[in-house]
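Notes follow the structure.
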2 protein chains.
Amino acid sequence: MAGQTGRTVPAQVAAKLYGAVDVIAENGLANTKIEQIAAASGVPKATLYYYFAGKEEILAFLLRDSLAYLAGAVATAAEAPGSGRDRLAAVVAVQIEHTLSNSATSRALIGDLGRAAQLPELAQAVQAAFYDPIAQVLRDGADDGSLRAVADPDEAALSIFGTVIMTGLIHAVVGTERSAETITASVLDLLLQGLRPG
Amino acid sequence: MAGQTGRTVPAQVAAKLYGAVDVIAENGLANTKIEQIAAASGVPKATLYYYFAGKEEILAFLLRDSLAYLAGAVATAAEAPGSGRDRLAAVVAVQIEHTLSNSATSRALIGDLGRAAQLPELAQAVQAAFYDPIAQVLRDGADDGSLRAVADPDEAALSIFGTVIMTGLIHAVVGTERSAETITASVLDLLLQGLRPG
DNA sequence: TAGATGTTGTACTGAGAGTACAAACTCATT
DNA sequence: AATGAGTTTGTACTCTCAGTACAACATCTA
């Protein structure tokens, strides 16, 4: 994957960089000094500037990298055999599991959501990892009858996206004691059964 | 309402400060210079530092102020007569309406969610405006039979909170053409009916 | 009318982001 | 093994801007 200087970031550097995610998640990017990132990752400052134009880019790179990985795993779940409903469950499970087990990255993401919303590259990575697969299985489920055909599928996909990502992120932020399975089950119960009585 | 210097921010200053929310929402706090905030709001830099310890505090103040206002409106909806289900609908409607009609503040909030998650004051303001009322009407609805009694009410309230706030915020960020009513209706349809067929 | 408190302009300080650059190192090609 | 292109890193530098200091002036209270 490439930074924004045009230079391809070597895998070894990328791997080391993840060592700095904790610091960033803890203090926020604005309060994290480049020297701290250098120290925490073991990549010297001069090298950081060789690959990246600034610290915003370093974090954006890490988030894109992590989200791309998630997008892959989620796509697999979304394209597996089975009903749309089953695959929705699988997709949500993978998303929540990833969010919780990469807690530092998730917390860094939430601190950076503003930029994520503005940088097309990041927005797209979020979309590919979260929104698109949900929209996909939602359509499939409506087609195969395993899910209700809602009036406005795009809007519904957006809401479901919101449900999943916020539930996951909040648990990542507060440091939940609940397991990913428990949380996933609760989210799916809500999404599938709804709140109407009976 | 008080800034963090201990000095009470006069209403007139507070009002002027909202003039700077757009700039902050557009560029993010990190890329917004104090002088820009001073220029956009018409409050001189020296005065800003008389009331606030820094720019983070300025934004935090604005967000708390706006969220406190929303919390009031939402509390009214949550405490109105009617079934839990009706009040859930009312609460969600107010939340989404407010998020969309204060788009700049909402976008600034999303850019600041990281800090919001860490500063207790801000986290509490978000909670009071979004989470608490939802948890409340959810309990009421379960009691009066207008809503299903879910297995894990806290978890459900959290997810609903996620659904509402993210749906609202995303629409605020991308600049939707849909009306608040349409969006509210779609969210409520999803939350109440769920995705199961039939 | 005096003192306290608020308001603002101007000038300053210090931190730290980002740059410049050269020395050293790696690795492919001849 | 020599040349040269690209990489890695240390050191020293510049420059922007957040935040501070402070004095002059305004306003409000007693």
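On a predicted model such as this, the values are computed, not experimentally measured, just so you know. Computed over heavy atoms, backbone and side chain alike; hydrogens, waters and symmetry mates excluded. Below, chain A is the first sequence line, B the second, and so on; all start at residue 1.
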Within this structure, what is the [atom1]-to-[atom2] distance between [X] and [N], rounded to whole angstrom?
X	N	atom1	atom2	value
B:E35	C:dG9	CD	C1'	11 Å
B:K16	C:dT8	NZ	P	6 Å
B:E56	D:dG19	CD	C1'	13 Å
B:L48	D:dA18	CG	P	11 Å
B:N31	C:dA17	CG	C1'	12 Å
A:Q36	C:dA17	CD	P	9 Å
A:R7	D:dA5	CZ	P	15 Å

Hey, is the side chain of A:Y50 poking within less than 4.0 Å of OP1 or OP2 on D:dT7, counting only N and O atoms?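 Indeed, a polar side-chain atom of A:Y50 lies that close.
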Would you say A:K55 reaches C:dA17's phosphate, i.e. side-chain N/O to OP1/OP2 under 4.0 Å?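 So the side chain of A:K55 is within the cut-off, an N or O lying under 4.0 Å from OP1 or OP2 of C:dA17.
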Ignoring the backbone of [X], work out which of [options] is nearest its side chain.
X	options	value
A:I34	C:dT10, C:dG18, D:dT7	C:dG18
A:T47	C:dA17, D:dA18, D:dT8	D:dT8
B:K33	C:dT8, D:dC17, D:dG10	D:dC17
A:P10	D:dT8, D:dA18, C:dT19	D:dT8
B:Y49	C:dT19, C:dG9, D:dA18	D:dA18

Honestly curious: do B:Y18 and B:Y69 fall in one hydrophobic cluster under the side-chain, below-4.5 Å linking rule?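 Different hydrophobic clusters.
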Is B:V43 linked to B:V23 within one hydrophobic cluster, defined over Ile, Leu, Val, Met, Phe, Trp and Tyr using a side-chain heavy-atom separation of less than 4.5 Å?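 No, because B:V43 and B:V23 fall into different hydrophobic clusters, even though each may have its own neighbours under 4.5 Å.
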Salt bridge (charged side-chain N to carboxylate O under 4.0 Å, His left out) assessment of B:D144 paired with B:R85: CA-CA 9 Å; B:D144 69 24; B:R85 178 178 177 146; over 6 Å; no
Do B:R107 and B:S103 have a side chain donor and acceptor closer than 3.5 Å?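 On atom types as modelled, these side chains qualify, holding a pair under 3.5 Å.
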If only side-chain N and O atoms count, and only distance matters, is there a donor-acceptor pair under 3.5 Å linking B:D140 with B:Q136?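 There is such a pair (donor and acceptor under 3.5 Å, judged by atom type) between the side chains of B:Q136 and B:D140.
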Judged by each residue's nearest nucleotide on DNA chain C, which is more toward the 5′ side, B:K45 or B:G42?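 Its nearest nucleotide being more 5', the pick is B:G42.
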